[in-house]
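A quick write-up on the structure given underneath.
Throughout, numbering of the chain's residues begins at 1 and tracks the sequence.
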Amino acid sequence: MGTIIQIDCPGCGLSEMEFVGVGMMGKGTALVVCERCQRFVRKQLPDFQVPQPGAAYQCPYCRQTAVEVTSESTESVPCPQCRTTLSILEMGSWD
């Protein structure tokens, strides 16, 4: 099952709810932050492939390393707009 996460930035007020991970039909999405492009990027995952913790992602626009956003992020995840550390809370599951 995938995870619903609430993303909030105390610095600029950014607030988003995202559906990440893989559902029962095998379709899924990873959400990453590209600091260079200053944006969130949604990456489609190959069917039935659960993302590995700490997996390396590249931004499709600039090819720089991007940081994955999950409720279990062990590193601080920067806000794409102001670079303040994001608050990430798990809100539930999706299927």
Indicate yes or no: at least one non-hydrogen side-chain atom of [X] is less than 4.5 angstrom from one of [Y].
X: V41; Y: P60; value: yes
X: C34; Y: P80; value: no
X: C12; Y: C79; value: yes
X: F19; Y: T29; value: no

Got a second to check how far E35's CD is from R83's CZ, nearest 0.5 Å?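 Rounded to the nearest 0.5 Å, the CD-CZ separation comes to 5.5 Å.
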For [X], all residues meeting side chain to side chain contact (heavy atoms under 4.5 Å, CB included), sequence neighbours excluded:
X: M91; value: I4, Q6, M17, L89
X: Q64; value: R36, C62
X: M1; value: S93, D95

query = So, K43 side chain and Q58 main chain: donor-acceptor pair closer than 3.5 Å or not?
reply =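 Checked: pair present.
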#### Entry: Sequence neighbours excluded, every pair satisfying salt bridge (charged side-chain N to carboxylate O under 4.0 Å, His left out) that has a member inside residues 9-26
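Found E16-R42, E18-R42.
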Practice task
Provide the full list of salt bridge (charged side-chain N to carboxylate O under 4.0 Å, His left out) pairs with a residue in residues 56-65, sequence neighbours left out, each pair given once.
Solution key: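 Residue pairs passing salt bridge (charged side-chain N to carboxylate O under 4.0 Å, His left out), neighbours aside: none found.
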- [ ] Would you kindly say whether S15 and D8 are connected by a side-chain donor-acceptor distance under 3.5 Å?
- [x]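 Indeed, the side chains of S15 and D8 share at least one donor-acceptor pair under 3.5 Å.
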**Prompt:** S71: what forms a side chain to side chain donor-acceptor pair (under 3.5 Å) with it, not counting sequence neighbours?
**Reply:**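 S71 satisfies side chain to side chain donor-acceptor pair (under 3.5 Å) with E90 once adjacent residues are dropped.
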Write down the atom of [X], the atom of [Y], and the distance for their closest heavy-atom approach.
X: W94; Y: G23; result: CH2-N, 3.5 Å
X: L45; Y: G21; result: CD1-O, 4.4 Å
X: A30; Y: Y57; result: CB-OH, 3.6 Å

Check: Cluster partners of I5, using ILVMFWY side-chain heavy atoms under 4.5 angstrom, listed by chain and number?
Finding: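 Under the 4.5 Å side-chain rule, I5 groups with I7, L14, V20, L31, V33, F40, V67, V69, V77, L86, I88.
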